[in-house]
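Source: prediction; values computed, not measured. Below, chain A is the first sequence line, B the second, and so on; all start at residue 1.
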There are 2 protein chains.
Amino acid sequence: MNGYSISKATLGRLPLYLQYLKSLPAVNGATISATAIARGLSLGDVQVRKDLAAVSGAGKPKIGYERTKLIDDLERHLGYERLTNAVLVGAGKLGRALLDYDGFEEFGVKIVAGFDCNEQALQIGKNTKPILPIKDIASYCAEYNVKLGIITVGKGSAQDVCDQLVASGIEAIWNFAPCTLKVPSSVLLKQENLALSLAYLNNQISK
Amino acid sequence: MNGYSISKATLGRLPLYLQYLKSLPAVNGATISATAIARGLSLGDVQVRKDLAAVSGAGKPKIGYERTKLIDDLERHLGYERLTNAVLVGAGKLGRALLDYDGFEEFGVKIVAGFDCNEQALQIGKNTKPILPIKDIASYCAEYNVKLGIITVGKGSAQDVCDQLVASGIEAIWNFAPCTLKVPSSVLLKQENLALSLAYLNNQISK
DNA sequence: CAGTAATCGATAAGAGAATACTGATAAAAG
DNA sequence: CTTTTATCAGTATTCTCTTATCGATTACTG
């Protein structure tokens with residue numbers, strides 16, 4: 001229960017606050033209240049206040065929080081100012097879409113290169129990010145200090161790719177392949193299942 | 001506490017079980033225990049058992065569950081056998097990647113068409129899914145009984161697109177744009193923020 | 001300068017989910 | 001046929017997250 005422990009649920013909302021604060025026009029003044037944020041994001045005001053207290057803790061009654069300070073605190077706490085290098089394996093359609101998506105950089109993650117075993121995919125994309133042969137991945141990761149690996153290959157080769165990433169010294173893996181991967185406990189794994197989100201929606205509407 | 005109420009957390013895991021059961025080779029026999037499933041998915045055995053009890057409830061000691069029956073129960077309960085039609089708005093890189101991804105259909109959702117306002121994008125993709133001008137969306141949704149809309153446009157036009165989808169009679173929206181949308185309470189909204197997942201990972205590894 | 005309104009922080013209460021525990025059941029082994 | 005082992009089901013406990021409540025603080029208003 002030290003100052004570093006932030007609940008997962010709260011952590012998940014922090015980027016939301018950051019995004020919302022950044023999207024506000026400067027016209028709205030230099031300060032903003034938790035109540036206003038809650039209205040903007042359709043959350044409870046108490047929850048917003050609690051979340052913000054975990055990272056910042058300086059709010060004045062009747063005034064609210066200083067916007068620039070709040071943004072700073074959020075960014076610092078999320079570690080967004082250090083850029084983490086990431087690689088992506090699997091230059092299929094989804095893989096290339098993520099490669100070309102610039103939105104990650106504002107969250108502190110930079111995808112520096114893509115890898116693929118298919119020779120046809122080995123080309124320099126128009127967005128300056130190279131797609132390299134998978135065999136070079138270990139040396140590349142070592143050279144560029146890559147901490148994070150993204151897997152967008154089919155489920156057949158996902159575990160194989162995963163093992164290679166782990167061997168390359170990756171610290172965290174973001175897996176889009178619809179399968180469960182085995183990783184050492186020292187490596188952080190986040191499973192992304194897009195179809196699952198859809199399935200949830202589908203189930204809700206057909207009730 | 002009737003048969004219809006399943007917790008959101010459980011519901012989110014059901015597709016995992018389904019996927020795992022389907023991926024098992026037939027060699028493993030016709031039955032499987034909750035303990036085995038738990039091992040395969042790195043979950044607690046008790047949790048698996050509890051989840052399965054919510055949809056099936058027939059398990060024998062020492063034996064486990066009958067695999068085919070379990071798959072049937074899962075599929076029926078998730079409503080996967082009815083195919084829901086979906087449209088996607090925003091034929092950018094991510095949009096096209098999702099359009100071309102076939103994996104959704106096994107979860108009961110079929111993306112039947114993409115829409116975009118950009119004339120250059122109006123073409124028939126190689127995967128037989130048409131990309132149409134956005135102005136036709138209302139009539140298209142009515143004709144094909146579309147229940148679900150996917151938004152992959154930039155945040156600038158997301159709300160506008162959302163309103164059009166709602167006006168077209170959509171029941172649920174899956175939004176990839178990094179912004180909060182306003183929808184009537186009758187419409188189900190699921191926000192997908194890919195950058196958020198990355199941010200979470202990044203925060204964890206830099207601790 | 002006093003009163004009012006808005007907001008904050010903290011503690012407490014509530015709900016929901018994960019986990020642990022206990023007893024029961026069925027197959028397998030001796 | 002009895003004992004052992006693996007598994008299931010149900011209850012209870014614990015944990016986490018959310019929501020509610022209360023007093024305190026600060027700006028605004030008359």
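If you measure from atom CG of B/D45 to atom P of D/dA9, you get 12 Å, rounded to the nearest angstrom. Atom OH in A/Y65 sits roughly 12 Å away from atom P in C/dT7 (whole-Å rounding). Protein atom CZ of A/R39 is 11 Å distant from nucleotide atom C1' of C/dA6, rounded to whole Å. Atom P of nucleotide D/dA27 and atom CD1 of A/I63 are separated by 6 Å, given to the nearest angstrom. Remark: P of D/dT7 and NZ of B/K60 are 15 Å apart, rounded to the nearest angstrom. Straight-line distance from the NZ atom of B/K62 to the P atom of C/dA27: 10 Å, rounded to whole Å. As a whole-Å value, the separation of A/L70 CG from C/dC8 C1' is 13 Å.
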Might you list the N or O atoms of the protein lying below 3.5 Å from N or O atoms in nucleotides 13-22 of chain C, with each pair's distance?
residue	atom	partner	partner atom	Å
C/dA18	OP1	B/R13	NH1	2.9
C/dA18	OP2	B/R13	NH2	3.1
C/dA18	O5'	B/Q47	NE2	3.0

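Residues B/K182 and A/S42 approach most closely at NZ-OG, 4.1 Å, considering heavy atoms. The two atoms that bring A/D116 and A/G92 nearest to each other are OD2-N, 4.3 Å, heavy atoms only.
Classification of B/R76 and B/D73 as a salt-bridged pair holds, one side-chain N sitting under 4.0 Å from a carboxylate O.
The main-chain N or O of B/G149 is never found under 3.5 Å from a side-chain atom of B/E171 such that the two would form a donor-acceptor pair.
No more than 12 heavy atoms of other residues, nucleotides or ligands lie within 6.0 Å of NZ in A/K110, so this atom counts as exposed by the packing criterion.
A/A53 comes within contact range of no nucleotide atom at all, as no heavy-atom separation falls under 4.0 Å.
To the nearest 0.5 angstrom, B/L18 atom CG is 9.0 Å from B/L70 atom CG.
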